[in-house]
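What follows is a short report on a single structure.
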Amino acid sequence: MPTARYHALLCRDAAGGHSAIALDLGTTGFGKTANDARDDLKEYLRWLHRKDEHAEAPDFGEPELRWFTVNVRPEYKGKNRLYPTDAEVPVRVPCVVGTRKSGQFAADLPLLGLRFDYPNGTELEKLVERYVSQKLEGLTPEEVGAYLPPVEAELLELVVPVPKEPPGGPLTVPPPPTLAKVAEPVGDRAVRKGYARAWGREADLAALVRKLHHEKANVLLLGEAGVGKTTLMVDAVREAEKKALADTNRSRDADEPRPQKRKFWLTSAGRIVAGMRYLGQWEERVESLIAELGEINGVLCAERLLELVRTGGLGPTDSIAAFLVPYLARGELRMIAEVTPAELDACHRLMPGLPDLFQIVRVEPFDRATALSVIDRQLDASASGPGVEVERGTGERIVRLFRRFMPYAAFPGPASGFARQLVDEHVRDGKKPVTPTAVVDRFRRQTGLPELFLRDEITLQRDDVRSWFRARVIDQPEACEAATNVVMTVKAGLNDPNRPPAVMLFCGPTGVGKTHMAQALADYFFGHGGSNSERGIRNAELQQENQRSSGTASPHSESRIPHSARDRRLIRLDMSEYGGFDAVYRLLGPPRGEPGELVKRVRQQPFSVLLLDEIEKAAADVFDTLMGVFDEGRLTDQYGRVTNFRSTIIIMTSNLGAGQSRAVGFGADSGVRYQDAAMKFFRPEFFNRMDAVVTFRSLLPASVRAITRRELESIAAREGLVRSGAAVRWSERLVERLAEVGFDPRYGARPLQRAIEREVVAPLARWLLANPITDGKVIAADWCDGVCVFS
């Protein structure tokens, strides 16, 4: 068999990983050992020649490894200037030189990805210095450190067998037409590169390879979402195809051309029916699919077995899965499929005979020690290629955060993806070291949780938390105490990982702060998540500080967190809209349609506050559905699809009992009345699943004035005043007047915001447009002759 010769630079980094870089090509193979890196690169080069029979090895002969030292001056970038370091840093660079067939001199700097031709040996050093300086220009010392030379480097030669074209046509056999449309070969390098290796699953891998290669069985991979089922399948296919190749080579002459046919094809239900518009079309496609797999003795790999049950006709009995059952039973089709335990139960219920056609291989979640080992290997493998340094303790921090705040997520799935994305992010940002601090920062941005909860070294005082809530929710000490309890429990890590962090019922008359308390909880837990909201918070705090320094702010003023940050994390549902016979379907989504708004938003962002407003108006079926959410923190539909609420704070509000007293609004009501009304209304099994029932008292006149003052002070954070730099001083007479007109005994303080917009904001806008102001000006606002006046 003809061969192609490639030259590569084999490097060992400080972490012990190896990389093999093909010269004049730039393709890199990675591995824990030198042989692994070499084999990985060699396998890719073989695949390259199978894909393109006209591919040729680079024109780069007589390679020689040389080392050059280039002095580089790192620098830091400020807002308007550069800050170079005091001294230059010598960077030792490996350079491989060679000659082309034409006699032209060529050079390759593999670790920098630079390749160039040069006229003669006297110019080489100058050109190396020039190109290296350009490559490293503007980098910080940490970024320059990512380009430090490897511990060891040596040249090696790879001899790659090149398939020769058989008499009947090219060696690379084109895939069957239907398979090429709806599936992709699992064994191809391009497909496998999208998945990590199945580390820590050696026993599972050997068992699965045995079933695929020797037993020729239909296999069902059973495990929770994210446990690594697809990764295990891809690795097993790789090993099974290696064994099949070895068997073929032993049974025929080594020089005989061997057509390349991939046997394992990955698809999904959606891809199978894509573009099918008329009755019977997808059935014809599936028949062609089965026939083509039979011709190549192939295996169909399905990402989710349940999707095959749900897709196709009007129900499971005329679905894709039902169409495949007789072929599976007769052995005319072989399959590998994935399923979660909940989905397997749904399959047993919807199509009892289907799971019996498969042999089940269980894929269990990792324990903590194995998870840590796998994440460390994932970090090393991801970082060894681009040469990023990973500090000790980084993997441990990832595992701890995911175990602590996402206990429902099976390892290694989300944590492994997090590790890869973390390294990729550092490569894009200039190859800075990956540290435990960087883990916390990325986890904070992903979940929205502030560092207060993510770092154990940051302490939290109960009095500070209580004061924070009392400054935002006026004259509701019981509610502030309950919210403080939630924060302290989560901070201490004592909340039940198998339930939502809190399930609370807020009772009391309307307009006294129940919804505002839910917003305050969302602000405390998630208001500091994301760079945009952080900028808004800093701007609000700066504006507040300016007011304080000018004497125009009350000691009770607060920096208002932007509504955009809160709205992303506060899921508010008016339960009066879910009182009909189809309330559950409208809340969660129809069985065969798109998920409802609640399920969709919680799946997108499980770290949130769910506010169920006026819960007593929901249908009885909704209460039954919510009981499972309160008790287990998860919601499973009839198709086994799971939505987790174990990171979601759930708050319900109710006005039950508010109409039993004539003294609505002002006065100190008895909290027992509201709790008794709630206990009478809700069934005991529903009521007992709540963590707390919090009574909100009616507002006193002093409370209304404090709320009015707070709402007025929040106007200072609006864009017009922030842009102009002006401050507003509110008179007590104005506060008294707004508190009087903005409070209604039936609706509490709800009309207050409308009164402020009508009586204050609109006149202030007209005044500002007519009277241009300068930065630092203080505007005095007062109530005079029935209107708000400014000066």
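Quick note: residue numbers are just sequence positions, from 1.
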Report yes or no: do [X] and [Y] form a side-chain donor-acceptor pair below 3.5 Å?
X	Y	result
T230	E338	yes
Y44	T28	no
Q378	R197	no
S467	D464	no
R462	N485	yes
R603	T643	yes

Side chain to side chain donor-acceptor pair (under 3.5 Å): pairs with one or both residues in residues 362-373, sequence neighbours excluded: D367-T370

Those residues that, when tested against R238, pass salt bridge (Lys or Arg N to Asp or Glu O under 4.0 Å) (two or more places apart):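 R238 satisfies salt bridge (Lys or Arg N to Asp or Glu O under 4.0 Å) with E43 only.
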
For [Y], does its backbone N or O pair with a side-chain atom of [X] as donor and acceptor, under 3.5 Å?
X	Y	value
R569	F607	yes
Q446	F443	no
D108	D24	yes
T85	P74	yes
R38	A20	no
N644	R646	no

Inter-residue atom distance [X].[atom1] - [Y].[atom2], 0.5 Å rounding:
X	Y	atom1	atom2	value
L610	L570	CG	CG	8.5 Å
S608	L521	OG	CG	12.0 Å
E129	L124	CD	CG	11.5 Å
L156	Y6	CG	OH	14.0 Å
C95	L65	SG	CG	8.5 Å
L114	R130	CG	CZ	12.0 Å

Neighbour count above 12 (heavy atom, 6.0 Å) for E125 CD: no

Greater than 12 external heavy atoms within 6.0 Å of E137's CD: no

Presence of salt bridge, [Y] and [X], under 4.0 angstrom:
X	Y	answer
R377	D380	no
D691	R499	yes
D441	R444	yes

Candidate pair V237 and V209, rule side chain to side chain contact (heavy atoms under 4.5 Å, CB included), full reasoning: CA-CA 7 Å; V237 166; V209 170; over 6 Å; no

Just distance, no hydrogens or angles: give the donor-acceptor pairs under 3.5 Å from side chains in residues 392-407, sequence neighbours left out.
from: T394; atom 1: OG1; to: E391; atom 2: O; distance (Å): 2.8
from: T394; atom 1: OG1; to: V434; atom 2: O; distance (Å): 3.3
from: R400; atom 1: NH1; to: D456; atom 2: OD2; distance (Å): 3.0
from: R403; atom 1: NH2; to: F366; atom 2: O; distance (Å): 2.8
from: R404; atom 1: NH2; to: V490; atom 2: O; distance (Å): 2.1

